[in-house]
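Just so you know, these numbers come straight off a predicted model, no measurement behind them.
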Amino acid sequence: QVQLVESGGGLVQAGGSLRLSCAASGRTFNSYALAWFRQAPGKEREFVAAITWNGGSTYYADSAKGRFTISRDNAKNTVYLQMDSLRPEDTAVYYCAADRSWKDVRTPRGTDYWGQGTQVAVSS
């Protein structure tokens, strides 16, 4: 069982940066792949970025490549999403997710564990 709590969301101007954090409980944190998803009003939840259990591999949605960076600190049971060059279309609720499967953690329907979300708003 893994419990996830996101933080770091807020309001930022276009071109600015935010760093999201997701703190996880559970002694087996370092056996889970982790991911970030987002959901804008009226839209389906979409994948943003994922990282393997040891941080050795990462994977990004095209919309995130070159602007967002996912990382993890297993000693702190925390995963991060550094978001730079933010755009108004990045406005959404951002969710942290965890799954033992590298394949499943990158799909909304496949992921086992979710946080409650943190709101990110980017003004133009």
Side-chain angles (χ1 to χ4, degrees):
Q1 188 80 6
V2 177
Q3 293 184 324
L4 305 168
V5 179
E6 302 95 333
S7 61
L11 174 64
V12 64
Q13 289 188 332
S17 298
L18 280 176
R19 188 194 195 203
L20 305 183
S21 299
C22 174
S25 63
R27 292 175 291 178
T28 59
F29 173 80
N30 61 3
S31 65
Y32 284 83
L34 301 168
W36 288 94
F37 289 77
R38 67 187 183 186
Q39 188 165 17
K43 295 188 176 181
E44 293 187 353
R45 190 168 299 189
E46 65 175 7
F47 170 80
V48 176
I51 189 166
T52 52
W53 68 274
N54 62 353
S57 294
T58 56
Y59 184 78
Y60 296 92
D62 288 343
S63 59
K65 288 178 182 177
R67 299 188 301 127
F68 295 1
T69 303
I70 188 171
S71 61
R72 66 188 291 166
D73 185 339
N74 285 348
K76 296 181 178 180
N77 280 14
T78 302
V79 61
Y80 306 97
L81 185 68
Q82 176 67 41
M83 304 188 294
D84 299 318
S85 303
L86 283 162
R87 305 165 181 166
E89 53 265 39
D90 294 319
T91 295
V93 177
Y94 283 71
Y95 296 91
C96 179
D99 199 283
R100 292 186 184 273
S101 165
W102 177 236
K103 176 183 176 182
D104 289 348
V105 81
R106 291 176 286 172
T107 62
R109 291 184 177 84
T111 301
D112 284 342
Y113 301 105
W114 294 94
Q116 84 290 347
T118 185
Q119 177 71 54
V120 171
V122 184
S123 63
S124 57

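Annotation for Leu4 and Gln116: closest pair O-OE1, 3.7 Å, computed over non-hydrogen atoms. Of all non-hydrogen atoms in Thr111 and Ala97, the two that sit nearest each other are CG2-CB, 3.3 Å. Nearest heavy-atom pair across Ala50 and Arg106 is CB-CG, 3.7 Å. The two residues Arg67 and Leu86 come nearest to each other via the heavy atoms NH1-CA, 3.9 Å. Looking at every heavy atom in both residues, Tyr95 comes nearest to Gly115 through CD2-O, 3.6 Å. A pairwise comparison of heavy atoms in Pro88 and Ala14 identifies CD-CB, 4.1 Å as the closest pair.
Side-chain contact between Asp84 and Phe68 is absent, with no heavy atoms from C-beta onward closer than 4.5 Å. With a 4.5 Å cut-off on side-chain heavy atoms, Val120 and Thr91 do not count as touching. Taking 4.5 Å as the limit, some side-chain heavy atom of Ser17 sits within range of a side-chain heavy atom of Gln82. Counting heavy atoms from C-beta on, the side chains of Gln13 and Val122 never come closer than 4.5 Å.
No path of Ile, Leu, Val, Met, Phe, Trp and Tyr side chains, each step under 4.5 Å between heavy atoms, connects Leu34 with Tyr80, placing them in separate hydrophobic clusters. Taking hydrophobic clusters as Ile, Leu, Val, Met, Phe, Trp and Tyr residues chained together by side-chain heavy-atom distances below 4.5 Å, Val105 does not share a cluster with Val79. Taken together through direct or relayed side-chain contacts under 4.5 Å among Ile, Leu, Val, Met, Phe, Trp and Tyr, Trp53 and Val2 form parts of separate hydrophobic clusters.
Looking at Asp99, its side chain does come within 3.5 Å of a backbone N or O of Asp112 through a donor-acceptor pair. Side-chain atoms of Glu6 come within 3.5 Å of backbone N or O of Gly117 as a donor-acceptor pair. The backbone N or O of Ile70 sits less than 3.5 Å from a side-chain atom of Tyr60, completing a donor-acceptor pair.
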*Between Tyr113 and Gln1, does a side chain to side chain contact (heavy atoms under 4.5 Å, CB included) hold up when you go through it step by step?*
CA-CA 8 Å; Tyr113 301 105; Gln1 188 80 6; 3.9 Å; yes

*Determine, step by step, whether Thr118 and Val93 satisfy the side chain to side chain contact (heavy atoms under 4.5 Å, CB included) criterion, reporting the C-alpha distance in whole Å, the side-chain angles of both residues, the deciding distance to 0.1 Å, and the verdict.*
CA-CA 5 Å; Thr118 185; Val93 177; 6.0 Å; no

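By the ring pair (Phe, Tyr, Trp, His ring centres under 6.0 Å) test, Tyr59 is found to be paired with Phe47, residues two or more places apart in sequence or in another chain being considered. The side-chain hydrogen bond (donor to acceptor under 3.5 Å, both in side chains) test applied to Arg87 returns no partner, not counting sequence neighbours.
Residues Trp114 and Phe37 bring their aromatic ring centres within 6.0 Å.
For the residue pair Arg100 and Ser31, a side-chain donor N or O sits within less than 3.5 Å of a side-chain acceptor on the partner.
Note on Asp104 versus Arg109: no salt bridge recorded, every NZ/NE/NH1/NH2 to OD/OE distance being 4.0 Å or above.
Once rounded to the nearest 0.5 Å, the distance linking CZ of Arg72 with CD1 of Ile51 reads 6.0 Å. From Leu18, atom CG reaches atom CG of Leu81 across 9.5 Å, with rounding to the nearest 0.5 Å. Atom CG of Asp90 sits about 7.0 Å away from atom OG of Ser63, to the nearest 0.5 Å. To the nearest 0.5 Å, the span separating OG on Ser7 from OH on Tyr94 amounts to 15.0 Å.
For CD of Gln119, the number of neighbouring non-hydrogen atoms (other residues, nucleotides, ligands) closer than 6.0 Å is greater than 12.
Here side-chain hydrogen bond (donor to acceptor under 3.5 Å, both in side chains) pairs that include residues 42-52, with residues two or more places apart or in two chains, are Arg38-Glu46, Gln39-Arg45, Thr52-Asn54.
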